[in-house]
Amino acid sequence: MYGLLKSFVADRRGNVALIFAIVILPLLFLTGYAIDLRNASNLQSALQDVLDAASLAGGRALQEGDNDEEIEATVAAFVNGFVDQNSHRMVCGDTSINVVRAETRIDTRLDCNVTANLSHIMGIDQIAVAADSEARFDLQSVDVAFVLDVSSSMNDDRLEALRDAATSAVQLLLPSTPAATSELRIAFAPYSHVVNAGSYFEDLTNEDEARTYSREVLDDGQTCSGVSDCLDELQSEGLETVNAPFTGTCVWERGGSDAATDAAPGNNRYLNTGNPVWFFDANDQEKAKGLAGNTTMAPGGFFSIASGTALNMRYANCQSSTILPLTDDQSDAIDYVESLTDRGRGTNGALGLAMGWYLISDKWRSVWPIGSKPQNDGAGVSKYIILMTDGIFDDWRLDTATYGDQATQALTICDALKADGVTIFTVSFQAPAAATTLLRQCATSSGTAFVSGDAMELEENFSEIARRIRPLRISR
């Protein structure tokens with residue numbers, strides 16, 4: 001009996017071993033396969049990160065004007081580096097790179113086979129993984145106005161730094177080849193003490209470029225030898241007004257209740273014309289000398305004696321750089337930036353802000369040409385102003401009692417812009433503390449106020465602003 005029992009027990013042990021042998025092999029396979037899958041999954045995750053980075057780099061290259069071949073090389077460099085580092089673990093095909101310029105989009109895909117270290121005993125030598133990425137610029141409609149200080153304090157070095165910085169921003173904002181229907185456009189409003197409206201002068205002022213202005217002269221044409229003598233003659237004899245011809249396209253801010261609004265131009269809402277001012281007989285140099293700087297009749301009390309006469313060209317004499325309405329053409333915008341010149345004896349930041357607003361306000365659509373008409377405000381539309389100066393906003397205006405001081409007027413416009421939903425970026429460039437403080441108050445937030453101490457910082461700040469305005473994102 002004992003022998004039979006012993007034999008039975010022995011048989012039971014054999015069955016368990018057999019069952020264990022049968023079960024353990026699949027368990028080992030499943031465990032090994034799970035480990036291989038986890039390794040493959042980790043590699044796929046890393047590959048996805050690399051493709052996302054590669055697509056973003058390709059998107060930046062597209063935005064900066066590289067051709068398709070250069071973009072593909074940029075993307076491939078990212079991907080190939082990763083593949084080479086992991087060549088002992090995976091084998092990949094060629095990277096698929098698709099540049100879709102019409103949508104400012106980069107599509108990237110890569111298929112790979114990861115070596116299976118533990119699953120090959122069951123005939124599984126490789127595990128297929130793939131990653132694809134799509135980088136695109138947000139398709140939200142965007143209008144941007146650059147409001148740039150080109151007053152005389154912007155000397156050669158500063159102006160060159162501004163051109164370089166603005167060019168970098170343009171390259172980041174606009175693709176070298178715009179889409180059929182562009183979603184982002186930029187405009188420029190260079191300012192000094194006035195703004196040169198160029199070919200838009202008549203629409204902004206309701207005046208002809210070639211026009212007449214009042215020229216005031218002493219009515220008897222007599223000379224006077226000194227300041228007192230001239231003043232006596234003015235008080236006793238008065239002035240005679242005659243009309244003189246002039247052609248120019250300088251404008252300065254409008255007054256009235258709409259001075260700090262974007263109300264469309266019209267009756268009592270047109271900008272003022274930059275007319276010269278004469279106070280004496282142009283042929284009487286003694287009168288000019290006698291009264292220069294001693295009259296309160298000149299705008300801001302300022303006199304400039306031109307050709308031996310008391311001719312005030314303050315508001316009639318502006319920089320050659322005119323405004324540029326909204327455009328999506330990168331080449332045109334860069335050519336424009338490179339042509340910027342400095343001129344002017346004051347920094348009328350309030351006027352610059354107002355002009356920048358007019359360039360992107362939907363209320364001014366009728367003024368600007370086809371292709372430059374601002375987007376209608378609404379969902380999916382964003383508007384920005386980039387305000388730059390290197391100095392304080394000074395009071396070289398006709399009537400500060402009516403318009404208020406420059407700082408107050410500028411901040412009033414800044415508040416109105418922000419209330420209207422316009423985001424304001426400000427950049428103070430080697431500016432005094434008072435100007436930096438004012439620009440911080442004007443900016444939408446502390447995060448949109450930049451301070452540039454040198455040319456390198458100016459370019460970095462402009463580029464950062466451009467990236468914030470047109471963020472590149474992974475959409476798939």
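Values below: all heavy atoms of this structure, side chains included; hydrogens, waters and symmetry mates excluded. Note that this is a predicted model, so its numbers are computed, not measured.
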Inset, instruction - Measure up the W368 and Y200 rings against each other and bin them: parallel (under 30°), tilted (30 to 60°), perpendicular (over 60°). - result: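 W368 vs Y200 ring planes: perpendicular.
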Inset, instruction - Determine the interplanar angle of the F188 and F146 rings, folded into 0 to 90°, and report it as parallel if under 30°, tilted if 30 to 60°, perpendicular if over 60°. - result: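 Aromatic pair F188/F146 classed parallel.
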Inset, instruction - Using the side-chain contact (heavy atoms from CB on, under 4.5 Å) rule, pick out the option among I392, V427, V451 that qualifies with T436. - result: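 Per the side-chain contact (heavy atoms from CB on, under 4.5 Å) rule, the option paired with T436 is V451, out of I392, V427, V451.
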Legend entry - Distance in Å, T327 OG1 paired with L174 CG, rounded so as to fall on 0.5 Å steps: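 Between atom OG1 of T327 and atom CG of L174 there are 7.0 Å.
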Do [X] and [Y] get their side chains close enough for a donor-acceptor pair, meaning under 3.5 Å?
X: N196; Y: T322; result: no
X: Q319; Y: S192; result: yes
X: S452; Y: N461; result: yes
X: Q430; Y: D454; result: no
X: S55; Y: T108; result: yes

Inset, instruction - Say whether, by atom type as modelled, one donor and one acceptor occur between the side chain of T261 and the main chain of S257 under 3.5 angstrom. - result: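 No; judged by distance alone, with no hydrogens or angles, the pair does not exist.
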Inset, instruction - Answer yes or no: is there a donor N or O on one side and an acceptor on the other, between the side chain of S463 and the main chain of E459, under 3.5 Å? - result: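 Flag set: sc S463 to bb E459 pair under 3.5 Å.
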Legend entry - Smallest separation among heavy atoms of L340 and S321, with atom names: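 Heavy atoms of L340 and S321 come nearest at CA-OG, 3.3 Å.
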Legend entry - salt bridge (Lys or Arg N to Asp or Glu O under 4.0 Å) between E464 and R467, intermediate numbers included: CA-CA 5 Å; E464 174 61 21; R467 283 189 285 268; 3.8 Å; yes
